[in-house]
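The structure appears below as structure tokens.
So you know, we letter chains A, B, ... as the sequences are listed, proteins then strands, and number each from 1.
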Amino acid sequence: MQISYDLTGELDRTLRETASRTDGFNDDFSPEIRPADLRFGDYQANGVLPFAKKYGLNPREMAEKLIEALGEDESMDVDLAGPGFLNFRFTPAFRLAWMQKYSSIHDFREAFQASRKPFRVVVDFSSPNTAKQMHVGHIRSTIIGDVIARLFDFGGNEVTRDNHVGDWGTQFGILILAIKRSKSDLEDLGQDSIAKLEDLYREGNQLIAEDESFRMEARSELVKLQQGEKENIGIWEKVNAISLASFLHVYERLGIRFDDILGESFYRDKVDAVYEGLTKHAICEESEGAMVVFHREHKRFAKQPFIVRKSDGASNYATTDLATVCYRVEKLRAEEIVYVTDGRQQDHFSQLFLTAEKWFAAEGKFLPHLSHVWFGTILGEDNKAIKTREGQPVKLLDLLDEAIARAKVIVRQKNPELDEIEMEKRSRIIGLGAIRYADLSQDRTLDYVFSWDKLLALQGNTAPYLQYAVARIRSIFRKLKMEPGSGEEAASAPVTESENLLARKLIYFPSVLEQTQRELKPHHLCGYLYELATDFSSFYNSDKVLVDDPDVRARRMLLCSRTLLILETGLELLGIETLAQM
RNA sequence: GCGGGAGUAGCUCAGUUGGAUAGAGCAAUGGUUUUCUAAACCAUCGGUCGCGGGUUCGAGUCCCGCCUCCCGCACCA
């Protein structure tokens, strides 16, 4: 068989081609290539069984015909097993050839991009509200969104990372009320100004909870702001400046960047076009004083309204989200928009997408592919979502600092002689890696209970385990006084069991990456990297690289440098840094 | 009530869309270091895949009916 980047795809093509010239098969036949259990081989084809069933044929006979038509192939062994499975096992020579062909991150990138057409995509993520500090609840959107943007980028797409900050919502009415009543000076809030703002916001919430007249007052402050009243605009601007500085501090720590930080306020002069458009095409209607969209054809949204203008005349996030779609189409020429938010907003996005579809269709405009990449809630120890208003939420910055501090205890324990700068660097990379990985290694649609132990566990399927594998490989090359990638020219095919297991695992990387990209679920990549690191650790333990025999040494060096390459490529996609020494 | 999600080993979770004898980590027990970093490796123990039906060569995965938990459902985002 031909050496191809993604061998799942290559086997699929090969079998389809073979079937097309084999009696009894037709276009209905789908090979259904899957990675196989180690006992059976590298890949298996399950497709003969359902095909034979459909046409009333004997599956084993059909499978035999297919094997015969495939003919002898030096690159793999093909077996018929069970009721009609085809098992494929690549030869060590073929594994060697694959490793030789794909030897750099450029090779992977190019091969990955060759199979797909690039597009312009906006990733909308993180999106904290101003006047509040970022807390644990923001970590998932921020990290998952960052990784999704990295995946798109790796795929050669034109990515815009947009932080759709909540700087125009109802919270401002409440906050302005509290600021005015307390006569706070926004120029002089002291050291932790963002925390002061948060306190004021909390006070405001208490006020409106206690007294209906305060609620009215807050609402009118918001309307004044939205109408451009000078004093309120001034307050609003200062609040946003303070908030943004505090966000940027967190992003810097996390190593996250944005192309745009266009808050909801950016669209405030664009919401009238939304009202006009929806009204003109009779997509919206008046209900209980508000302007809403019902989707008659939909079971639930026929009765559950999508409110695009509140009864007090103010816009809300439905309005700005619609205006945002327009902007991203017109100015960014987006072909795809991905929203990374909490799963509790599923209804909102379903309604948003339905409304946008109708509106754009009515206008005859191109609508990008819209998708909602949602994730579960982070829960407290009581199994309830961590609240923002009651109780003290864990500040994101504190969380990161504590992760680093905890990592430092272990780094110091392992390397007591290290100087402070190096100690700090390693602790940061290990601590932040652990935080990121804890979130990414679990299926994003699941809720999880927040706990320090979970986030900072350094054993099992964790970032430090992967970083440790990287450090060990680097250590081997350091001892050899050679760079990874060199000294492998004379490498021969894998021989020992653990060499072959490692090589076998390396070859799976492309199909895992493909699945991760297709489902936008980073945990697939995490699981794979963990398995790879595990196979490497077994190999490391049983097969020494620094041996006298030059043949053995060369072939093991090749395995080391490819493992390193894939681990680092994978971790880079996850936004996790690595170390030469741990 | 409608909709979304979850229920798999004592605990935390995978399970590539219907494949072969359901896998990891943690915890527990035992072993491995004059050998490239033991933050490691190897082994043992551990299962009525929530319950009951059904579909078929084959079901943790699909269809039906239940049970439990979390979340959303009119002007917060």
Side-chain angles (χ1 to χ4, degrees), chain A residues 8 32-37 39-40 44 46 49-50 52-53 59 81-85 87 127-129 164 166 169-171 174 264 287-292 299-301 303-312 314 316-318 320-321 341-348 350 374 376-377 379 383-385 410-411 413-415 430 441-443 445-449 451 453-454 457-462 464-465 467-469 471-480 508 511-512 514-515 518-519 523-524 526-528 530-531 534 537-542 544-547 556 560 581-582:
Chain A
T8 310
E32 292 182 33
I33 308 295
R34 307 275 184 268
D37 187 288
R39 296 189 298 270
F40 306 126
Q44 58 179 295
N46 300 339
L49 282 142
K53 181 163 124 191
F85 299 112
N87 290 331
S127 311
N129 288 336
H164 193 69
T170 311
Q171 79 263 31
I174 298 164
E264 293 177 318
S287 172
E288 298 178 26
M291 192 183 274
V292 309
K299 198 172 170 185
R300 273 179 309 123
F301 303 144
K303 290 190 173 160
Q304 186 178 319
F306 187 55
I307 299 169
V308 294
R309 190 166 71 186
K310 302 194 287 181
S311 52
D312 62 8
N316 66 0
Y317 79 141
T320 50
D321 277 356
T341 84
D342 197 286
R344 288 174 298 190
Q345 296 184 42
Q346 285 176 90
D347 279 357
H348 168 74
S350 301
W374 59 274
T377 312
L379 307 170
N383 265 2
K384 300 270 186 188
I410 296 159
V411 173
Q413 191 187 321
K414 300 288 175 188
N415 315 276
I430 292 165
S441 58
Q442 193 165 104
D443 187 323
T445 61
L446 299 177
D447 291 353
Y448 74 85
V449 176
S451 87
D453 291 343
K454 168 121 188 155
L458 303 182
Q459 293 142 6
N461 186 10
T462 63
Y465 182 83
Q467 288 166 327
Y468 185 57
R472 284 174 137 187
I473 297 171
R474 292 234 169 249
S475 173
I476 291 170
F477 283 102
R478 198 165 47 244
K479 286 271 156 56
L480 283 162
Y508 285 142
S511 36
V512 173
E514 194 279 329
Q515 191 192 2
R518 178 163 37 86
E519 296 180 21
H523 80 282
H524 287 127
C526 293
Y528 167 78
Y530 175 59
E531 284 177 20
T534 302
S537 294
S538 299
F539 159 79
Y540 179 90
N541 208 256
S542 61
K544 201 166 167 8
V545 179
L546 271 67
V547 292
R556 291 186 181 165
C560 284
Q581 294 181 65
M582 274 177 79

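The side chain of A:Q304 sits closest to B:C73 out of B:A40, B:C73, B:G72. Which of B:G72, B:C70, B:C57 sits closest to the side chain of A:D447 comes down to B:C70. Listed candidates were B:A77, B:A74, B:A20. Nearest to the side chain of A:V292 is B:A74. Distance from the side chain of A:N316 is smallest for B:A77 among the nucleotides B:A20, B:C26, B:A77. For A:S538, taking side-chain heavy atoms from C-beta onward, the closest of the listed nucleotides B:C42, B:G4, B:C76 is B:C42. Comparing B:U21, B:U16, B:A74 by their nearest atom to the side chain of A:Q515 picks out B:U16. Candidate nucleotides B:A20, B:C13, B:G4 were compared by shortest atom distance to the side chain of A:L446, and B:C13 ranks first. Set against B:G19, B:A77, B:A14, the side chain of A:Q442 has B:A14 as its closest nucleotide. For A:N541, taking side-chain heavy atoms from C-beta onward, the closest of the listed nucleotides B:G4, B:C36, B:C41 is B:C41. Taking the side chain of A:K479 as heavy atoms from C-beta on, and the options B:G58, B:C73, B:C36, the nearest nucleotide is B:C36.
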Check your understanding: Which is it for A:H164 and A:D321 under the side chain to side chain contact (heavy atoms under 4.5 Å, CB included) test, yes or no, and what are the steps along the way?
Key -> CA-CA 9 Å; A:H164 193 69; A:D321 277 356; 3.5 Å; yes
Exercise for review: Evaluate the side chain to side chain contact (heavy atoms under 4.5 Å, CB included) criterion for residues A:Y508 and A:Y528: first the C-alpha distance (whole Å), next the side-chain angles of each, then the deciding distance (0.1 Å), finally the verdict.
Suggested key: CA-CA 9 Å; A:Y508 285 142; A:Y528 167 78; 3.9 Å; yes
Check your understanding: Does the side chain to side chain contact (heavy atoms under 4.5 Å, CB included) test come out yes or no for A:T8 and A:Q515, once each step is laid out?
Key -> CA-CA 11 Å; A:T8 310; A:Q515 191 192 2; over 6 Å; no
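Across B:G72 and B:G58, the matching P atoms stand 43 Å from one another, rounded to whole Å. One C1' atom belongs to B:A43, the other to B:G7, and the distance between them is 32 Å to the nearest Å.
Residues A:Y465 and A:G460 approach most closely at CB-O, 3.4 Å, considering heavy atoms.
Distance, A:D342 CG to B:C76 C1': 13 Å, rounded to whole Å. Between A:R344 atom CZ and B:A6 atom C1' there is a gap of 16 Å when expressed in whole angstrom units. Taking atom CD1 of residue A:I473 and atom C1' of nucleotide B:C36, one finds them 11 Å apart after rounding to whole Å. Summarising the geometry, the separation between CD1 on A:I174 and C1' on B:C75 is reported as 13 Å, rounded to the nearest angstrom.
Contact check, A:K299 against B:G3: a side-chain N or O comes under 4.0 Å of OP1 or OP2. Close to B:A38, at under 4.0 Å from its OP1 or OP2, lies no side-chain N or O of A:Y465. In this model, the phosphate group of B:A39 is approached by a side-chain N or O of A:K414 to a distance below 4.0 Å at OP1 or OP2. A close approach under 4.0 Å does not occur between any side-chain nitrogen or oxygen of A:H164 and OP1 or OP2 of B:A77. Between A:T170 and B:A77 there is a side-chain polar atom (N or O) within less than 4.0 angstrom of OP1 or OP2. Contact between the side-chain N/O atoms of A:K310 and the OP1/OP2 oxygens of B:C76 is found at a separation under 4.0 Å. For A:R300 and B:G4, the shortest distance from a side-chain N or O to OP1 or OP2 is not below 4.0 Å.
Using a 4.0 Å heavy-atom cutoff across all strands shown, A:L49 reaches at least one base atom of the nucleic acid. Within 4.0 Å (heavy atoms only), A:S542 reaches no atom of the nucleic acid at all. Among the atoms of the strands shown, none is found under 4.0 Å from any heavy atom of A:E32. Among the heavy atoms of the strands, none lies under 4.0 Å from A:K303. Within 4.0 Å of A:G169, counting heavy atoms only, lie sugar-phosphate atoms of the nucleic acid but no base atom. Among the atoms of the strands shown, only primed sugar atoms or phosphate atoms (P, OP1, OP2) are found under 4.0 Å from some heavy atom of A:D443. When heavy atoms are screened at a 4.0 angstrom cut-off, A:P50 is found touching base atoms of the nucleic acid. Among the heavy atoms of the strands, none lies under 4.0 Å from A:E531. Within 4.0 Å (heavy atoms only), A:P464 reaches no atom of the nucleic acid at all. Heavy atoms of A:E519 sit under 4.0 angstrom from at least one base atom. As judged by a 4.0 angstrom heavy-atom cut-off over every strand, A:A314 is placed among residues making no nucleic acid contact. Contacts of A:Y530 with the nucleic acid, taken as non-hydrogen atoms under 4.0 Å apart, involve only primed sugar atoms and P, OP1 or OP2. Within the nucleic acid shown, A:Y540 comes within 4.0 Å of at least one base atom, counting heavy atoms only. Across all strands shown, A:H523 has heavy atoms under 4.0 Å from sugar-phosphate atoms exclusively, and none from any base.
One can find a donor-acceptor pair under 3.5 Å joining the base of B:A77 and the side-chain atoms of A:Y317. Judged by distance alone, with hydrogens and angles left aside, A:Q44 brings a side-chain donor or acceptor within reach of the base of B:A20, the pair sitting under 3.5 Å. Evaluation of atom-type donor-acceptor distances gives a pair under 3.5 Å for the side chain of A:N87 against the base of B:A20. Within 3.5 Å, a donor on the side chain of A:S311 pairs with an acceptor on the base of B:C75, or the reverse. Between the base of B:A77 and the side chain of A:S127 there is no donor-acceptor pair shorter than 3.5 Å.
Between A:F306 and A:H348, the ring planes lie tilted relative to each other; the angle falls in the 30° to 60° range.
Pair check for B:A20 finds none; no Watson-Crick or G-U wobble contact set falls under 3.5 Å. In this structure, B:C69 forms a base pair with B:G5, meeting either the Watson-Crick or the G-U wobble geometry with both donor-acceptor distances under 3.5 Å. Nucleotide B:U55 forms no Watson-Crick or G-U wobble pair with any nucleotide shown, as no partner meets the under 3.5 Å limit on both distances. Across all strands shown, B:A43 forms a Watson-Crick or G-U wobble pair, both distances under 3.5 Å, with B:U29. Within the shown strands, nothing qualifies as a pairing partner of B:A38 under the Watson-Crick or G-U definition with both distances less than 3.5 Å.
At a threshold of 4.5 Å between non-hydrogen side-chain atoms, the residues A:D347 and A:R300 count as touching.
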